[in-house]
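To start, the structure under review is shown below, and the notes come after it.
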2 protein chains.
Amino acid sequence: MEDGTSKSVGSPEGTLGECIEWDLRNGCEVRQILDRVADKWSLLTIALLERQTLRFSELQRQIDGVSQRMLTVTLRQLERDGLVTRKVYPVVPPRVEYSLTDLGCTLLSTIQSLVAWTEEHQAEIAAARAEYDARAAEPVA
Amino acid sequence: MEDGTSKSVGSPEGTLGECIEWDLRNGCEVRQILDRVADKWSLLTIALLERQTLRFSELQRQIDGVSQRMLTVTLRQLERDGLVTRKVYPVVPPRVEYSLTDLGCTLLSTIQSLVAWTEEHQAEIAAARAEYDARAAEPVA
DNA sequence: CGGTATCCGTTCTGATACTG
DNA sequence: CAGTATCAGAACGGATACCG
């Protein structure tokens with residue numbers, strides 16, 4: 001996990017296509033970051049932290065389906081990437097609150113778009129799948 | 001895989017937070033779709049097909065890093081979900097071209113945002129990681 | 001409560017070999 | 001060229017047990 005020293009950045013401007021090519025040609029860490037933010041749990045976690053601070057248990061309850069381990073791992077990654085802040089209150093029982101950093105907030109709108117898109121086109125995708133599967137079942141006939 | 005019959009969709013309007021909650025409470029297939037479109041290879045594949053049709057080998061060459069197997073799998077999923085069109089020319093040697101469907105195009109802008117965000121904040125993330133790792137190395141001191 | 005450590009089965013991936 | 005099939009290794013994810 002060496003990283004790319006943060007200075008050789010300077011991504012080229014231009015169309016997305018160009019950026020992608022640049023990205024790919026460099027086989028750089030962009031893909032790795034993309035994988036992180038595009039992660040299922042990361043996406044949902046960030047979305048849930050929109051404008052609100054949540055405790056570990058609250059997150060776990062709301063995401064429901066995520067195991068304690070996965071939530072912990074996800075939060076650690078997000079914290080490491082500077083997207084989420086972890087605040088520990090030295091009380092007993094322990095209280096740990098998570099919230100988005102400014103950097104994390106900049107991701108919000110994009111994630112919103114992605115989630116919104118998914119919900120908007122849910123039916124279309126389901127239909128496409130059904131059609132595809134049906135076609136696969138009865139070949140050319 | 002019951003469908004979402006296209007009419008029972010009506011995701012609630014309002015803030016993203018509300019949508020997410022709705023999403024989670026339904027434990028619906030949204031997450032599954034999200035996982036698909038948020039996939040590393042899917043993301044890059046769709047981005048590369050922006051306004052252009054590409055052959056299998058062209059995609060493989062440009063994405064570089066993807067194995068033939070993964071590219072095939074990815075393209076099949078995207079095709080099944082109705083995001084990509086697969087056109088086979090019955091010639092020899094075989095020629096297969098891929099392009100985005102209208103549905104796939106609607107995802108373009110969102111994906112562009114995500115990729116753009118990643119490239120824009122690459123440095124910040126790298127810095128955050130470095131700081132986090134450094135802090136982990138020398139505890140409280 | 002909020003983790004961490006560990007075991008362990010499942011999934012994902014890449015490399016390789018073979019086909020139309 | 002564009003796959004499909006197979007196999008082994010790596011990564012993922014859940015369940016459990018235990019700590020501060």
Side-chain angles (χ1 to χ4, degrees), chain A residues 1 24 27 29 31-45 48-49 53-80 84-99 132 135-136 139-140, chain B residues 24 27 31-45 48-49 53-80 84-99 132-133 135-137 139-140:
Chain A
M1 310 272 178
L24 299 176
E29 64 189 78
R31 196 178 299 167
Q32 177 189 144
I33 296 176
L34 209 51
D35 245 23
R36 169 120 324 143
V37 301
D39 173 72
K40 175 173 52 178
W41 304 128
S42 297
L43 227 44
L44 294 171
T45 300
L48 277 172
L49 290 177
T53 291
L54 291 175
R55 298 182 57 174
F56 185 89
S57 51
E58 292 173 326
L59 278 169
Q60 185 169 24
R61 190 174 328 112
Q62 290 193 56
I63 296 186
D64 160 280
V66 69
S67 64
Q68 186 180 48
R69 184 176 178 283
M70 278 305 98
L71 183 55
T72 299
V73 170
T74 299
L75 286 168
R76 283 287 182 286
Q77 293 177 333
L78 292 176
E79 187 193 359
R80 177 167 182 258
V84 159
T85 296
R86 176 169 180 268
K87 174 148 191 177
V88 183
Y89 293 86
V91 300
V92 44
R95 180 188 184 84
V96 182
E97 293 183 342
Y98 294 90
S99 56
Y132 182 93
R135 195 169 305 173
V140 184
Chain B
L24 298 176
R31 195 179 299 167
Q32 175 190 147
I33 296 175
L34 210 51
D35 245 23
R36 169 119 323 140
V37 301
D39 173 73
K40 174 173 51 177
W41 303 127
S42 297
L43 227 46
L44 295 170
T45 299
L48 277 173
L49 289 177
T53 291
L54 291 174
R55 299 182 55 174
F56 184 89
S57 52
E58 292 173 327
L59 278 169
Q60 185 170 26
R61 190 175 327 112
Q62 290 194 55
I63 296 186
D64 161 278
V66 68
S67 64
Q68 185 180 46
R69 183 176 179 285
M70 280 305 100
L71 183 55
T72 298
V73 170
T74 299
L75 288 169
R76 283 285 182 287
Q77 294 178 331
L78 293 176
E79 187 194 359
R80 176 167 182 259
V84 158
T85 296
R86 176 169 180 267
K87 173 149 190 178
V88 183
Y89 293 84
V91 299
V92 44
R95 180 188 184 84
V96 182
E97 293 184 344
Y98 294 91
S99 55
Y132 183 94
D133 293 344
R135 196 169 305 173
V140 184

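Keep in mind that this is a model prediction, so the values were computed, not measured. In the text below, chain A, chain B and the rest are named by the order of the sequence lines, each starting its count at 1.
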Remember a base hit wins even if backbone is also touched, and classify A/Tyr98 as base, sugar-phosphate or nothing at under 4.0 Å, heavy atoms.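 Touches sugar-phosphate only.
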I'd like to know if B/Gln68 reaches the base of C/dG14 with its side chain, counting only an N/O donor and acceptor under 3.5 Å. no
Nearest-Å distance, [atom1] ([X]) to [atom2] ([N])?
X	N	atom1	atom2	result
A/Arg61	C/dG2	CZ	P	9 Å
B/Leu71	C/dA15	CG	P	14 Å
B/Arg36	C/dT11	CZ	P	14 Å
B/Gln77	C/dT13	CD	P	9 Å
A/Gln60	D/dG14	CD	C1'	12 Å
A/Glu79	C/dG2	CD	P	15 Å
B/Lys40	D/dA11	NZ	P	11 Å
A/Trp41	D/dG13	CH2	P	8 Å

Give the nucleotide from the list C/dC1, C/dT4, D/dG14 with an atom nearest to the side chain of A/Arg76.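 Nearest to the side-chain atoms of A/Arg76, counting from C-beta on, is C/dT4.
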Which nucleotide in the list C/dT4, C/dG2, D/dG3 gets nearest to the side chain of B/Thr72? D/dG3
side-chain contact (heavy atoms from CB on, under 4.5 Å) assessment of B/Tyr98 paired with B/Leu78: CA-CA 10 Å; B/Tyr98 294 91; B/Leu78 293 176; over 6 Å; no
If you compare every side-chain N and O of [X] against the phosphate oxygens of [N] (OP1, OP2), does one of them come in below 4.0 Å?
X	N	answer
A/Arg55	C/dC1	no
A/Ser57	C/dG2	yes
B/Arg86	D/dG3	yes

Mapping A/Val96 and B/Asp39 to their closest nucleotides on DNA chain C, which lands nearer the 5' end? A/Val96
Determine whether a donor-acceptor pair (N or O, by modelled atom type, separation under 3.5 Å) exists between the side chain of A/Ser42 and the backbone of A/Arg36.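 Confirmed, A/Ser42 side chain pairs with A/Arg36 backbone.
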Heavy-atom closest pair, residues B/Glu58 and B/Thr53: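 In this case the closest contact between B/Glu58 and B/Thr53 is OE1-O, 4.3 Å.
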Could you go through A/Thr45 and A/Val66, starting from their C-alpha distance and side-chain angles, then the distance that decides it, and tell me whether this counts as side-chain contact (heavy atoms from CB on, under 4.5 Å)? CA-CA 10 Å; A/Thr45 300; A/Val66 69; over 6 Å; no
For A/Leu34 and B/Lys40, what are the C-alpha separation, side-chain angles and deciding distance, and is it a side-chain contact (heavy atoms from CB on, under 4.5 Å)? CA-CA 7 Å; A/Leu34 209 51; B/Lys40 174 173 51 177; over 6 Å; no
Of B/Arg69 and B/Phe56, the one whose closest nucleotide on DNA chain D sits nearer the 5' end is B/Phe56
